[in-house]
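Notes follow the structure.
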Amino acid sequence: MAKAAARSAGSSKVTLTKDEKKTAKVARKAASKERRKQLWQAFQMQRKDDKKLIPLMVGALLLGLLVGLGIALLFGGGLFGFIFGPILGLTLGALGAMLIFARRVQANVYRQAEGSPGAAAWSLQNNLRGKWRISPAIAGTAQFDAVHRVVGRPGVVLIAEGVPQRVIPLLAQEKKRVARIVGDSVPIYDIVVGNDEKQTPLKKLNSTLTKLPRNISPAQVEQLDTKLKALSGRSPQAGMPKGPVPSNVKARNIQRAARRR
């Protein structure tokens, strides 16, 4: 019986024809070429704005090489050691250089996006790691102040961006409305994005969310998000930014290429 089931499962596998395999291979090569092209474009754009990028990347490569040579000497040298050591060192150096590149690209992207309408929603939708339910611009003003809702293991997080005098009352109003829906059993956090006292800088927004305590289960997250969407009965405000809008559109291409790497 088990053997028959195994044969049945094996026979259900989809087999590709030669033409289909060839087409898939061509598509993979094209995608890989496009990623390399985007990465090179991202590097060129970042290099023009960041004069320290190349020295830091070269320094990482040299440091990795020195580490590799040190490992070779530590293990007694020899032909194997002096071949394996530099290769390992260059690999480590290349990884370090790419990490420096990605970090500096990310910092540049956030610097360009900071202060732009919808920047917080852009950051949440593109860079927030983990299983979060994001509802951008659940409340807002004609001046592009906005309150975004994020549901996750911590509970409900309301994130406000805009002019404090306008957005803080809007945030308080939204917090009361959410509290009436979820009750006292679910924590509600509120965050104001900005660089003033008691505000959270845009570049630290996602890490702030991921550091919040886990108060509810994954199943409760799903139920809570569904309930809020069903009972809120409100769509994003007219005129509110509905997607990432960094001040420089090219910033998105830089970041996308760095993430894919």
Side-chain angles (χ1 to χ4, degrees), residues 26-69 86-130 134 136-137 143-146 148 159 161-163 191 193-196 199-210 240-261:
V26 170
R28 285 195 300 270
K29 284 185 176 180
S32 178
K33 184 178 179 181
E34 181 64 22
R35 283 195 296 270
R36 290 194 299 270
K37 182 180 177 182
Q38 288 182 348
L39 186 64
W40 177 249
Q41 290 175 344
F43 173 75
Q44 291 295 333
M45 291 168 62
Q46 182 68 17
R47 179 180 62 83
K48 291 176 182 178
D49 295 332
D50 187 356
K51 302 303 180 184
K52 294 182 180 179
L53 178 64
I54 292 179
L56 287 172
M57 292 180 71
V58 171
L61 284 169
L62 292 176
L63 181 61
L65 184 58
L66 289 174
V67 170
L69 291 173
I87 292 174
L88 176 61
L90 284 173
T91 303
L92 292 174
L95 289 174
M98 287 308 303
L99 181 61
I100 289 172
F101 171 60
R103 289 289 177 86
R104 295 184 77 83
V105 164
Q106 186 180 54
N108 188 37
V109 167
Y110 276 105
R111 188 164 53 250
Q112 293 183 32
E114 200 164 36
S116 300
W122 159 77
S123 180
L124 293 169
Q125 291 176 311
N126 289 272
N127 301 309
L128 184 59
R129 296 181 179 180
I134 302 167
Q143 292 79 24
F144 297 119
D145 309 296
H148 315 294
I159 299 160
E161 61 174 326
V163 177
I191 295 173
V193 177
N195 296 314
D196 295 335
Q199 294 182 345
T200 301
L202 178 64
K203 63 182 179 181
K204 294 184 178 180
L205 175 60
N206 294 342
S207 61
T208 299
L209 265 66
T210 55
M240 288 301 301
K242 299 178 182 179
V245 286
S247 57
N248 186 347
V249 177
K250 292 181 180 179
R252 287 182 294 181
N253 299 331
I254 296 178
Q255 189 201 40
R256 187 182 300 117
R259 282 205 314 269
R260 288 180 177 177
R261 181 66 181 177

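Counting only residues at least two apart or on different chains, the salt bridge (Lys or Arg N to Asp or Glu O under 4.0 Å) pairs with a member in residues 91-104 are Asp50-Arg104. Within the structure, the side chain to side chain donor-acceptor pair (under 3.5 Å) test picks out no pair touching residues 56-65 (sequence neighbours left out). For residues 51-66, there are no salt bridge (Lys or Arg N to Asp or Glu O under 4.0 Å) pairs, not counting sequence neighbours. The stretch residues 115-124 participates, sequence neighbours left out, in no salt bridge (Lys or Arg N to Asp or Glu O under 4.0 Å) pair at all.
Closest heavy-atom contact between Ile87 and Thr91: O-OG1, 2.8 Å. Between Leu202 and Ser123, the shortest heavy-atom distance links the atoms CD1-CB, 4.0 Å. Nearest approach of Asp145 to Gly162, heavy atoms of both residues: OD1-CA, 3.2 Å. Counting all heavy atoms, side chain and backbone alike, Glu161 lies closest to Ala119 at OE1-N, 3.3 Å. The two residues Ala137 and His148 come nearest to each other via the heavy atoms N-ND1, 2.8 Å.
Using a 4.5 Å cut-off on side-chain heavy atoms (C-beta onward), Leu124 and Pro136 make no contact. Counting heavy atoms from C-beta on, the side chains of Ile191 and Leu209 come closer than 4.5 Å. Side-chain contact between Leu128 and Thr210: present, with at least one pair of heavy atoms (C-beta onward) separated by less than 4.5 Å.
For the atom pair CG of Leu61 and CG of Leu66, the computed distance is 11.0 Å after rounding to the nearest 0.5 Å. Once rounded to the nearest 0.5 Å, the distance linking NZ of Lys203 with CG of Asn127 reads 14.5 Å.
Leu92 pairs by the side chain to side chain contact (heavy atoms under 4.5 Å, CB included) definition with Val67, Leu88, not counting sequence neighbours. With sequence neighbours left out, Arg28 forms a side chain to side chain contact (heavy atoms under 4.5 Å, CB included) with Ala24, Lys25. Evaluation of the side chain to side chain donor-acceptor pair (under 3.5 Å) rule for Gln199 yields no partner, not counting sequence neighbours.
Using a distance-only test at 3.5 Å, with no hydrogens or angles considered, no donor-acceptor pair links the side chain of Gln125 to the main chain of Ile134.
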